[in-house]
2 protein chains.
Amino acid sequence: MVTIETKQHPAWDVYKATCPTRQVLDCIADKWAVLVIGLLNGGTRRFGEMRKSIEGVSQKMLTQTLRSLERDGIVSRRVYASVPPKVEYTLTPLGQSLAGIVESLRVWSESNIEVVLASQQTYDARPEAE
Amino acid sequence: MVTIETKQHPAWDVYKATCPTRQVLDCIADKWAVLVIGLLNGGTRRFGEMRKSIEGVSQKMLTQTLRSLERDGIVSRRVYASVPPKVEYTLTPLGQSLAGIVESLRVWSESNIEVVLASQQTYDARPEAE
DNA sequence: TTATATAGGTACCCAATGGTGACCATTGAG
DNA sequence: CTCAATGGTCACCATTGGGTACCTATATAA
């Protein structure tokens, strides 16, 4: 039996410290990124819209998150040369392929929050908890 | 037509700043948490094992991540009163329900890294990039 | 003419986070 | 007697995250 290795990717392994996948995971396994991608999964959004929708994001963090996602090819940014400025963000096809996963993360959180909250209470009530 | 609202959860919405789901997302949408959950999906692991498997985690961060996941009921911790100590970590059923999602995040990273790297190169090569 | 709101971005500053290394407890082995 | 082993904590420091104030340019209102 012959193992056919048709241009197998060079054994990417996110558990290796220097693997570039680690950086990508770092970027998408992020609170704000998850919320941003989830939002954009509903369609193109303007910056200000997103700022309002995602309660608690500062302008800076939103910008930063979007830049990072843009760099990774997950969202695309479209600037209209108007005054005041108008900037639209959209998921790229790559981003769309990620959106489902990220959305299921969000859904999991919303579905299992009761269990989690109960567990937290039990944990915090342990005698050795301060 | 009657809308039957059989104890519908009180409209959890992770986009609200104060929604408890936000904290949960904060905890699981985390680089180290994803790696930890992925590892434990392969079965029970000892602390030292995980420390070696996940390159680059400091002892402190691993402890912290595991505590946080334990508090949320995602992993369980078992201490053996031996010398030297032996501590095992396992995914709870709740954790197992999350593992699939988290694993697909990791798989996505490893599958799409080439596209992402290419996108990063294009982005960094823009004239306006410093 | 001047003031103001707009919408997105950035420079600067501070607080929180994460990493490092020392230290601890306990016991069997050398 | 000393050291290795294992998981954990603590104090310290560098790095980062995150907030605030400011900037831009124009259309509109006063």
Side-chain angles (χ1 to χ4, degrees), chain A residues 15-18 22-36 39-40 44-71 75-90 123 126-130, chain B residues 15 17-18 22-23 25-36 39-40 44-71 75-90 123 126-130:
Chain A
Y15 287 95
K16 299 289 174 196
T18 58
R22 184 68 77 83
Q23 300 165 27
V24 177
L25 190 67
D26 211 11
C27 166
I28 62 180
D30 170 77
K31 177 180 48 172
W32 298 129
V34 167
L35 294 173
V36 163
L39 241 197
L40 291 182
T44 298
R45 293 280 185 280
R46 293 188 59 178
F47 184 89
E49 258 182 289
M50 306 184 70
R51 183 146 164 54
K52 279 182 222 98
S53 298
I54 305 174
E55 291 189 359
V57 222
S58 66
Q59 190 163 14
K60 179 184 159 187
M61 280 316 295
L62 184 53
T63 301
Q64 205 168 293
T65 302
L66 286 166
R67 284 289 177 287
S68 163
L69 292 174
E70 188 195 359
R71 190 172 104 99
V75 312
S76 68
R77 176 172 183 265
R78 172 147 199 185
V79 184
Y80 294 86
S82 57
V83 169
K86 174 178 172 180
V87 183
E88 284 182 350
Y89 292 91
T90 313
Y123 185 94
R126 292 166 320 159
E128 64 272 27
E130 75 291 9
Chain B
Y15 287 94
T18 57
R22 185 67 77 84
Q23 301 165 27
L25 190 68
D26 213 10
C27 166
I28 62 179
D30 169 77
K31 178 179 47 172
W32 298 131
V34 167
L35 293 173
V36 163
L39 240 196
L40 291 182
T44 297
R45 294 279 185 279
R46 294 187 59 178
F47 184 87
E49 257 182 291
M50 307 185 69
R51 182 145 165 53
K52 279 181 222 101
S53 297
I54 305 175
E55 291 190 358
V57 222
S58 65
Q59 189 164 18
K60 180 181 157 187
M61 280 316 295
L62 184 53
T63 301
Q64 204 168 295
T65 302
L66 285 166
R67 285 288 177 289
S68 163
L69 291 174
E70 188 194 358
R71 189 172 103 101
V75 312
S76 68
R77 176 171 184 266
R78 171 147 199 186
V79 184
Y80 295 85
S82 57
V83 169
K86 174 177 171 179
V87 183
E88 284 182 349
Y89 291 91
T90 314
Y123 185 93
R126 291 165 324 158
E128 63 273 26
E130 75 294 6

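Heavy atoms only: backbone and side chains are in, while hydrogens, waters and symmetry mates are out. Chain letters run A, B, ... following the sequence lines, proteins first, then strands; residues in each count from 1.
Separating the NZ atom of A:K86 from the C1' atom of C:dT6 is a distance of 14 Å, rounded to the nearest angstrom. Atom CZ in A:R77 sits about 16 Å away from atom P in C:dA7, given to the nearest Å. For A:M61 and C:dA15, the CE to P distance is 18 Å, given to the nearest whole Å. Following rounding to the nearest Å, B:R67 (CZ) and D:dT9 (C1') show an atom-to-atom distance of 10 Å. Straight-line distance from the CG atom of A:L66 to the P atom of C:dA7: 17 Å, rounded to whole Å. For the pair A:R78 CZ and C:dG8 C1', the interatomic distance rounds to 17 Å; values are reported in whole Å. Rounded to whole Å, the distance from CD on A:E88 to C1' on C:dA7 is 13 Å. Atom CG of B:D26 and atom C1' of D:dG17 are 12 Å apart (whole Å).
Between B:R51 and D:dG7 there is no side-chain N or O to OP1 or OP2 distance below 4.0 Å. Between A:R45 and C:dA7 there is no side-chain N or O to OP1 or OP2 distance below 4.0 Å. Between B:R46 and D:dT6, a side-chain N or O to OP1/OP2 separation shorter than 4.0 Å is absent. Residue B:S58 has no polar side-chain atom (N or O) positioned under 4.0 Å from OP1 or OP2 of C:dG18.
Between the side chain of B:Q64 and the base of C:dG18 there is no donor-acceptor pair of N/O atoms closer than 3.5 Å. The base of C:dG9 is paired with the side chain of A:Q59 by a donor and an acceptor separated by under 3.5 Å.
Across all strands, B:Y89 comes closer than 4.0 Å only to sugar-phosphate atoms, never to a base (heavy-atom distances).
For the pair A:W32 and A:V83, nearest-nucleotide mapping onto DNA chain D gives the more 5' position to A:W32. Annotation: of the two residues near DNA chain C, B:D30 and A:G48, the 5′-most nearest-nucleotide partner is A:G48. Both B:E49 and B:K60 lie near DNA chain D, and the one whose nearest nucleotide falls closer to the 5' end is B:E49.
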Exercise. Given salt bridge (charged side-chain N to carboxylate O under 4.0 Å, His left out), test A:K16 with B:E55 step by step and report yes or no.
Key: CA-CA 5 Å; A:K16 299 289 174 196; B:E55 291 190 358; 3.6 Å; yes
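The neighbour count for A:R77 CZ, taken as heavy atoms of other residues, nucleotides or ligands under 6.0 Å away, is above 12.
Counting heavy atoms from C-beta outward, B:Y123 and A:R67 have side chains that approach closer than 4.5 Å. Counting only heavy atoms from C-beta outward, the side chains of B:R78 and B:T90 never approach each other to under 4.5 Å.
Closest heavy-atom contact between A:Y15 and B:V34: OH-O, 4.4 Å.
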